[in-house]
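Note that the structure is predicted; figures quoted are calculated from it, not measured. The figures that follow rest on heavy atoms only: side chains count, while hydrogens, waters and symmetry mates do not.
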Amino acid sequence: MADAPNIPDEAETRARWGAFAWTKDNAAKAKAVIARYPAGRQRSAVMPLLDLAQRQVGAETQTQGWLPVPVIEFVASQLDMPFIRAYEVATFYTMYNMAPVGRYHVQVCGTTPCLLRGSDDVMAACKNRGMVKGKTTPDGLFTLTEVECMGTCTNAPMVQINDDNFEDLDYDSTVRLLDELAAGKQPKAGTQNPKRHTSEPEGGPTTLKDMVKANHDYRKEW
């Protein structure tokens with residue numbers, strides 16, 4: 001697993017993020033999210049608001065985003081909840097970054113199914129591009145993290161990069177994926193195996209063939 005996040009100095013963090021506030025658009029989104037919950041239950045909105053805050057930090061820093069303590073305090077204050085409760089949520093779920101990351105947060109699954117299917121080759125491709133587990137590359141482009149199972153075992157090995165999963169990887173396809181990202185392109189998410197459409201067997205589906213064909217034809221039309 002990755003080393004503990006390298007959280008910046010508190011004085012530096014507060015100087016940069018102490019006056020955090022929603023943008024006009026995000027303020028409207030936050031209001032809409034809170035309105036989903038009954039009166040007195042607004043604390044239930046903590047997860048989507050933390051995600052929204054992380055995305056705003058990402059937009060302001062041209063990265064995938066993270067949650068400085070003052071930003072978590074801001075969210076907790078808006079929801080009238082103790083800071084520690086919001087902090088517990090942020091530190092429990094790996095979808096929240098507790099330290100700055102690069103523009104692309106490369107999360108390589110190292111759990112047994114991915115390991116057996118070649119996640120070491122995926123990690124090697126990342127390392128050969130200068131990535132170090134738990135660190136961000138000097139150009140600020142990539143942050144490499146090893147994570148536990150992300151539920152895509154059928155298409156192992158896989159990585160999650162920002163909001164997208166990339167599956168059925170090997171060394172070469174990982175290199176191509178990273179090259180495209182570095183060039184500012186948006187690679188196709190999902191399986192990277194040309195013999196697969198989603199997660200069906202490589203030889204094609206064995207059940208519900210007509211439904212799968214109809215779905216595939218529909219996607220081609222669009």
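- To the nearest 0.5 Å, atom SG of residue C109 and atom CG of residue N165 are 10.0 Å apart.
- Panel note: side chain T137, backbone F142; a donor-acceptor pair is recorded below 3.5 Å.
- Between the side chain of E10 and the main chain of P8, no donor-acceptor pair closer than 3.5 Å is present.
- A perpendicular orientation is assigned to the rings of W22 and F20, their planes being inclined by more than 60° (bins at 30° and 60°).
- Between atom CZ of residue F74 and atom CG of residue L67 there is a gap of 12.5 Å, rounded to the nearest 0.5 Å.
- S119 OG to M158 CE: the interatomic distance, rounded to the nearest 0.5 Å, is 11.5 Å.
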Audit row: V46, R85, side-chain contact (heavy atoms from CB on, under 4.5 Å) steps and yes/no: CA-CA 9 Å; V46 62; R85 296 301 185 195; over 6 Å; no

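- A 4.5 Å side-chain heavy-atom check between M47 and M95 finds at least one atom pair inside the cut-off.
- Judged purely by atom type and a 3.5 angstrom limit, N162 uses its side chain to pair as donor or acceptor with the backbone of R103.
- The closest donor-acceptor contact from the side chain of Q56 to the backbone of A21 lies under 3.5 Å.
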Stepwise side-chain contact (heavy atoms from CB on, under 4.5 Å) check, V159 with V122: CA-CA 8 Å; V159 301; V122 175; 3.5 Å; yes

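- Looking only at distances, no side-chain donor or acceptor of T143 sits under 3.5 Å from a matching main-chain atom of H105.
- Looking at R16 and E60, their side chains come closer than 4.5 Å, going by heavy atoms from C-beta outward.
- By the neighbour-count criterion of 12 heavy atoms within 6.0 Å, atom NZ of K188 is densely surrounded, having more than that number from other residues, nucleotides or ligands.
- The existence of a salt bridge linking R129 and D179 is confirmed by a sub-4.0 Å separation between a basic side-chain nitrogen and an acidic carboxylate oxygen.
- V132 and L178 are not part of a single hydrophobic cluster, where members link through side-chain heavy atoms under 4.5 Å apart.
- Nearest heavy atoms, D168 versus A156: OD1-O, 3.9 Å.
- In this structure, F83 and Y87 have tilted ring planes: the angle between them lies in the 30° to 60° band.
- Residues P100 and T61 form no side-chain contact, since every pair of their non-hydrogen atoms from C-beta on lies 4.5 Å or further apart.
- Under a 4.0 Å N-O distance rule, the pair E180/R176 qualifies as a salt bridge.
- The number of heavy-atom neighbours closer than 6.0 Å to OH of Y37, taken from other residues, nucleotides and ligands shown, is above 12.
- Closest heavy-atom contact between A125 and V175: CB-CG2, 3.9 Å.
- Closest approach of V75 and A53 over heavy atoms only: CG2-CB, 4.0 Å.
- To the nearest 0.5 Å, atom CD of residue E167 and atom OG1 of residue T152 are 5.0 Å apart.
- Nearest heavy atom pair, residue P70 against residue T13, reads CD-CG2, 3.7 Å.
- For the residue pair T191 and N193, no side-chain donor N or O sits within less than 3.5 Å of a side-chain acceptor on the partner.
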Y96 vs I72, side-chain contact (heavy atoms from CB on, under 4.5 Å): CA-CA, chis, key distance, verdict: CA-CA 11 Å; Y96 304 116; I72 302 175; over 6 Å; no

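- The shortest distance between side-chain heavy atoms of L181 and L141 does not fall below 4.5 Å.
- For T111 and E148, the side-chain atoms include at least one donor-acceptor pair closer than 3.5 Å.
- Using modelled atom types, one side-chain atom of N155 and one backbone atom of T198 make a donor-acceptor pair closer than 3.5 Å.
- Panel note: side chain Q62, backbone A59; a donor-acceptor pair is recorded below 3.5 Å.
- W17 and M98 fall within a single hydrophobic cluster, where Ile, Leu, Val, Met, Phe, Trp and Tyr are joined by side-chain heavy atoms under 4.5 Å apart, directly or via other members.
- Ion pairing between a basic and an acidic side chain is recognised when a charged N comes within 4.0 Å of a carboxylate O; D163 and R55 show such pairing.
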Residue pair R196, T154: steps toward the side-chain contact (heavy atoms from CB on, under 4.5 Å) verdict: CA-CA 11 Å; R196 277 181 162 173; T154 303; 4.3 Å; yes

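- Between the side chain of S173 and the backbone N or O of D170 there is at least one donor-acceptor pair closer than 3.5 Å.
- Looking at V33 and L49, their side chains come closer than 4.5 Å, going by heavy atoms from C-beta outward.
- Contact check on R14 versus E73 returns a salt bridge, with a Lys/Arg side-chain nitrogen under 4.0 Å from an Asp/Glu carboxylate oxygen.
- The two residues L50 and A86 have their closest heavy-atom pair at CD1-O, 3.9 Å.
- Residues M81 and V69 are members of one and the same hydrophobic cluster, defined by side-chain heavy-atom contacts under 4.5 angstrom among Ile, Leu, Val, Met, Phe, Trp and Tyr.
- Taking CG of L144 as the start and CD1 of I161 as the end, the distance is 10.0 Å to the nearest 0.5 Å.
- V57 and V101 are members of different hydrophobic clusters when ILVMFWY side chains are connected at heavy-atom separations under 4.5 Å.
- Note: Q107 CD to M150 CE = 5.5 Å, rounded to the nearest 0.5 Å.
- When all heavy atoms are compared, the tightest approach of F166 to Q186 is CZ-NE2, 4.4 Å.
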